[in-house]
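Note that the numbering runs from 1 along the sequence shown for the chain.
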Amino acid sequence: MSDKTDATSATTESRTEGKDPAQRVGIIGAGIAGLVTAKIFLENGFDVQVFEKEPDLGGVWALSRAYPGLRANTAKETYSLTDYPYPASTSGYPVAEEVRAHLESYADHFGLYPHISFNSEVVRLEEIDGGRQGFSMTVRSRADVNEEESREYTHEFAYVLICSGAFSTPMMPDLPGRENYRGLVRHSSEWTHPAVADVRRVVVIGAGKSALDCAAWAAREGKTSTLVFRKPHWMVPRYLPGGARSDLRFISRFIEMFVNYPVRPWDEKLLHGPGKPLVWLWWTFLSAVVPRVLGMPKLMTPEHKLPVGFESVGQVDDFFDLLNVDRITAIRAGVKGFYDLGVELDDGTQIEADLVIMGTGWQRDMSFLSEELRSKVYGNGRFHLYRRILPPGQQRLAFIGFFPTLTCPLSSEVGAHWAAQLFTGNMSLPSTVEMDQTIERLENWARERVPELEDGVFTGPYIGHYVDELMRDMGMPTMRTSNFLKEYLGSFLPGRYGTLGEELKAAREGRLKKRFYLGSLHVLAAIVVIWIVM
């Protein structure tokens, strides 16, 4: 792919020379969100340029960031682009190499490579004329990792979409004593370095999916593997008893009815009102069954039953199998710091390690935003985004993929359509006051639901509810199948939205045909009529 990945910001001006400045769009990031956004905006007639700081595309799936054994959290049918499914030969849960190859194929198929500048990091974004005319973007371009050879270029865009996502910068705890530690320290996204091959003793810090994956890898490689964590997270098996893939059963409108969302249709209001005992029974059942199926020991079973913690749920392969046969040691404790041979826990216990892997998550890097822009993007230190996309105070700027869901490609893709409709003038918004009020209602709910989230971007299993909000804004039908049984009991697959771009175009041209949908109220009305007649 070297012939496609050597583009730099130096060539951007020649690609956009003579084009309408009012249609110039800058996109930050070439992960899944950035790629689908570029494709959709190109289809809507915009002049698009994508800036990616890494030498290759893919975001967390890029070769430079994917740890050995990294695999999608959901099946290929759900972790999919709406109009470009994986090849039939892809694993049920795609590994990083398969995801990366698929994204490269997607970029090639839709002609995205000429619009991507690799090795190009956005270091400054500020408004032009108070944001009424767009943005000035400063990009640092480098031919290789040698910082001394980098150069900076300034570009102007009428619109900017930030697609660097929730996993842009590794979260590395600043633990004391690291300067005295003789071994290696790596974030889970950085331990692809060849030097780790010779280590014998591995300590992994954290209890999320990446931490469990890393600990399992170390055990499978015959290394001494120790997991240190403060509190466990809910995990689910990839496969249910009988071999069915779990996410194809659990990612559905029916299952989503059992989680409490602030905007609910009438049936969910009934379920969470008079039917609340059913909701309690469902989550009590799952909270009892999941640990049994996975073989989760008490030490690693969360104290609170589901749905508490469902926002950070992950899918694991053989971690608990390896843990239960003592090939992994799990210790629930805090880490006080490093000493020369390893890590020291809060109780004074010292664990020797040749390699310490930080499975401690990610943080969003917004340091490139000017102070004025930051004041419009944040409110009280938290993201202030309408529909998790748009700052009401700056309506030429959008964030795509900053609300990770169980099906991130789908939420990113529909979000990109939403932004394109807005920027083309084909969708109207509520007043700024109304948008602020909507954001505040969601934030109040999110603070109560997941109080530990500091930046206000709420991650959760609310994909159907969220996508419905975006679809209603665009005037598109929310029910995407022919009847309520398929719609609610079937898997909530991205393929349902594969024709969304065509539908939006048809709507603009006044030729969108209304699709037939047999709803539950239709069936209820029919039963009442039959009963009356008989």
Side-chain angles (χ1 to χ4, degrees), residues 1-19 21 23-39 41-42 46-66 100 103-104 106-108 110-128 133-165 167-170 189-190 192 364-370 373-374 396-401:
M1 304 298 293
S2 59
D3 59 325
K4 295 178 180 177
T5 59
D6 60 358
T8 66
S9 294
T11 62
T12 304
E13 296 298 341
S14 62
R15 287 198 291 267
T16 59
E17 186 177 353
K19 295 185 178 180
Q23 296 298 306
R24 294 199 63 194
V25 171
I27 297 175
I28 302 174
I32 290 178
L35 294 176
V36 299
T37 300
K39 181 243 186 188
F41 271 74
L42 284 168
F46 287 93
D47 173 22
V48 172
Q49 186 59 36
V50 183
F51 298 95
E52 170 55 55
K53 66 180 180 180
E54 299 294 335
D56 48 6
L57 57 74
V60 294
W61 303 104
L63 183 62
S64 57
R65 301 175 69 185
R100 187 164 56 248
L103 293 177
E104 291 171 351
Y106 179 87
D108 193 33
F110 290 107
L112 303 183
Y113 276 107
H115 300 273
I116 305 175
S117 294
F118 293 95
N119 291 314
S120 299
E121 181 179 6
V122 175
V123 294
R124 179 75 173 174
L125 183 67
E126 54 190 341
E127 297 171 305
I128 300 174
Q133 301 300 319
F135 306 89
S136 173
M137 181 186 294
T138 302
V139 179
R140 181 179 297 147
S141 175
R142 52 192 170 87
D144 54 34
V145 295
N146 188 342
E147 185 68 20
E148 294 181 353
E149 297 183 12
S150 66
R151 298 177 62 185
E152 290 189 358
Y153 303 85
T154 300
H155 311 282
E156 292 187 357
F157 295 101
Y159 305 95
V160 168
L161 296 108
I162 301 178
C163 304
S164 49
F167 310 112
S168 57
T169 303
S189 65
E190 301 170 329
T192 55
R364 300 167 178 85
D365 182 12
M366 294 287 103
S367 60
F368 57 86
L369 293 180
S370 69
L373 267 181
R374 287 182 64 86
R396 287 175 172 262
L397 178 68
F399 291 75
I400 306 298

With rounding to the nearest 0.5 angstrom, report the [atom1] to [atom2] distance, [X] to [Y].
X	Y	atom1	atom2	answer
Ile162	Thr37	CD1	OG1	11.5 Å
Lys53	Ser117	NZ	OG	16.0 Å
Leu57	Ile32	CG	CD1	10.5 Å
Glu104	Leu35	CD	CG	10.0 Å
Arg140	Ser120	CZ	OG	11.5 Å
Tyr159	Asp47	OH	CG	13.0 Å

- Message: Restricting to ring pair (Phe, Tyr, Trp, His ring centres under 6.0 Å), what partner residues turn up for Tyr106, sequence neighbours left out?
- Response: Tyr84, Phe110

- Message: So, using salt bridge (charged side-chain N to carboxylate O under 4.0 Å, His left out) as the criterion, who are the partners of Arg374 when residues are at least two apart?
- Response: none

Considering all heavy atoms, the nearest [X]-[Y] contact:
X	Y	answer
Gly29	Val50	O-CG1, 3.4 Å
Ala158	Pro21	CB-O, 3.6 Å
Cys163	Ile27	SG-CG2, 3.8 Å

If the plane angle is over 60° it's perpendicular, under 30° parallel, otherwise tilted; pick one for [X] and [Y].
X	Y	value
Phe41	Phe46	tilted
Tyr153	His155	parallel
Phe157	Phe51	perpendicular

- Are any side-chain N or O atoms of Glu156 and backbone N or O atoms of Ser136, one a donor and one an acceptor, separated by less than 3.5 Å? no

- Task: With sequence neighbours left out, write down each residue that passes side chain to side chain donor-acceptor pair (under 3.5 Å) with Glu54, or none if nothing qualifies.
- Result: Ser64

- Message: Is a donor from one side chain sitting under 3.5 angstrom from an acceptor on the other, for Glu127 and Ser370?
- Response: no

- Message: Can you confirm whether Arg100 sits close enough to Leu63 that some side-chain heavy atom of one is under 4.5 Å from a side-chain heavy atom of the other?
- Response: yes

- Message: With heavy-atom distances below 4.5 Å as the criterion, would you say the side chains of Thr138 and Phe368 are in contact?
- Response: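 No, their side chains stay 4.5 Å or more apart.
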
- Item | Phe399 vs Arg364, side-chain contact (heavy atoms from CB on, under 4.5 Å): CA-CA, chis, key distance, verdict | CA-CA 12 Å; Phe399 291 75; Arg364 300 167 178 85; over 6 Å; no

